[in-house]
Amino acid sequence: MENKPQEKHAREGIEPHTGLVAVFDLLGFRKIISQDDVAASISLIQEAFRRRVGETIRFPGHSVMTGYNPSFVPEYLIFADTILLHTPTPGTMHPECVRLFFVQHCCRLMALLFSNGLPARGGITSGKYFVGDNCFAGKPIVDAEELGKRLKLSGCKVSSELQTEFMVDQDIAKLFFNHITPGGKEAEMLLNYLPLVPDFESLTKDQVERQFLAHGKTLDAKSRPKFDNTWSFVEHSKQVLHSSPYSDVPPLQG
């Protein structure tokens, strides 16, 4: 008798999931490798998940603790310059809460990486994927990676399907805004993580450049446009900060 696909996956230790997926890659990682600063960078990412990502994050009219409650904290995997996050939608929690918590984690992680000299870019998608001891695969993962790699700045974009879902949830919608990258033709819905960066409102172009040069990185013909576009994104984010309720969001401490 032929086994059903789900039974076969379970037998092989590969579990199918349906949920949210985010994929981030660190800009300038090859330069970090050449400076042998990889261990310090990975330790910083792990620290972000162990401690700081779990701090309280507040939004106007809504305060939640994105700490380590196993029912909604994303699982993650770090491989070279790539950070994978996923959260299977649990049956015991409302899907809207899962989406909010997941986006908050992505927002805080992006801010932590940026403020520690590790600007990143990424994408958020959803769908069916598979997880096992040595396996993490599925269309949402590929789609999230492609979304991030198309960005020419340090930012995070969501899939078109999730945009529709996010825009009807006020708590999530306020974490995004439409931005046109210099030279681009259409506005993109990007995660507005920058207000969580310490001293964001006084952030200068030189300070942003230092984040792109940290850990032995350099700016060349390929990376400089990403820096220039990120600075444009910073300026736009400051405008949004002063024209929306998002101004109530406190910056990270430390």
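Excluded from the calculations below are hydrogen atoms, water molecules and symmetry mates; all remaining heavy atoms, backbone and side chain alike, are included.
- Here F212 pairs with F227 under the ring-ring contact (aromatic ring centres under 6.0 Å, His included) rule; sequence neighbours left out.
- Residue pairs meeting the salt bridge (Lys or Arg N to Asp or Glu O under 4.0 Å) criterion with at least one member in residues 109-129, sequence neighbours excluded, are D25-R121.
- Minimum interatomic distance between S237 and N192 (heavy atoms only, all atoms of both residues): OG-OD1, 2.5 Å.
- With sequence neighbours excluded, no residue forms a side-chain hydrogen bond (donor to acceptor under 3.5 Å, both in side chains) with T230.
- Nearest approach of F24 to C156, heavy atoms of both residues: CE2-SG, 3.8 Å.
- Aromatic ring orientation, H86 versus Y129: perpendicular (interplanar angle above 60°, classes split at 30° and 60°).
- Panel note: side chain D220, backbone K222; a donor-acceptor pair is recorded below 3.5 Å.
- Side-chain contact check for R108 versus L196: some heavy-atom pair is nearer than 4.5 Å.
- Residues that satisfy the salt bridge (charged side-chain N to carboxylate O under 4.0 Å, His left out) test with E165, not counting sequence neighbours, are R99.
- In this structure, T82 has no side-chain hydrogen bond (donor to acceptor under 3.5 Å, both in side chains) partners at least two apart in sequence or on a different chain.
- Residue M110 holds its CE atom at 11.0 Å from OG of S115, rounded to the nearest 0.5 Å.
- The shortest side-chain heavy-atom distance between S154 and L27 falls under the 4.5 Å cut-off.
- For the atom pair CG (L194) and CG (L203), the distance works out to 7.5 Å, reported to the nearest 0.5 Å.
- Considering only residues two or more places apart in sequence or on other chains, D81 meets the salt bridge (charged side-chain N to carboxylate O under 4.0 Å, His left out) condition with none of them.
- The salt bridge (charged side-chain N to carboxylate O under 4.0 Å, His left out) search around E209 returns R224, not counting sequence neighbours.
- Remark: D143 engages K139 in a side-chain hydrogen bond (donor to acceptor under 3.5 Å, both in side chains) (not counting sequence neighbours).
- Summarising the geometry, atom OH belonging to Y193 is positioned 6.0 Å from atom CZ belonging to F233; distances are rounded to the nearest 0.5 Å.
- Among residues two or more places apart in sequence or in another chain, the side-chain hydrogen bond (donor to acceptor under 3.5 Å, both in side chains) test is passed with Q163 by none.
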Output a table of donor-acceptor pairs, distance under 3.5 Å, between side-chain atoms of residues 177-191 and any protein atom two or more places apart or on a different chain; print 'none' if there are none.
from, atom 1, to, atom 2, distance (Å)
H179, ND1, H236, ND1, 2.8
E188, OE2, K157, NZ, 3.3

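- Residue pairs satisfying the salt bridge (Lys or Arg N to Asp or Glu O under 4.0 Å) criterion with at least one member in residues 230-241, sequence neighbours excluded, are absent.
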Evaluate L113 against L26 for side chain to side chain contact (heavy atoms under 4.5 Å, CB included), listing each step before the verdict. CA-CA 9 Å; L113 293 173; L26 304 179; 4.1 Å; yes
Start with the C-alpha distance between V103 and F176, add both sets of side-chain angles, then the distance that settles side chain to side chain contact (heavy atoms under 4.5 Å, CB included), and finish with yes or no. CA-CA 10 Å; V103 173; F176 293 88; 3.8 Å; yes
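- Distance check: T204 OG1 to D206 CG gives 5.0 Å after rounding to the nearest 0.5 Å.
- You'll find the side chain of I83 stays beyond 4.5 Å of the side chain of V23, heavy atoms only.
- Following chains of ILVMFWY side-chain contacts shorter than 4.5 Å, one can reach L100 starting from M167, so the two form part of one hydrophobic cluster.
- Considering only heavy atoms from C-beta on, V21 stays 4.5 Å or farther from L85 through its side chain.
- In terms of heavy-atom proximity, A214 sits nearest to G117 at CB-CA, 3.7 Å.
- We find the CD-CG distance between Q207 and D199 to be 7.5 Å, quoted to the nearest 0.5 Å.
- Every side-chain contact (heavy atoms from CB on, under 4.5 Å) that S159 has, sequence neighbours left out, goes to T125, L147, E161, L162.
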Please assess F29 against L118 for the test side chain to side chain contact (heavy atoms under 4.5 Å, CB included), listing each intermediate value before the final yes or no. CA-CA 9 Å; F29 191 74; L118 295 170; over 6 Å; no
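- How far SG of C107 is from CZ of F102: 12.5 Å, rounded to the nearest 0.5 Å.
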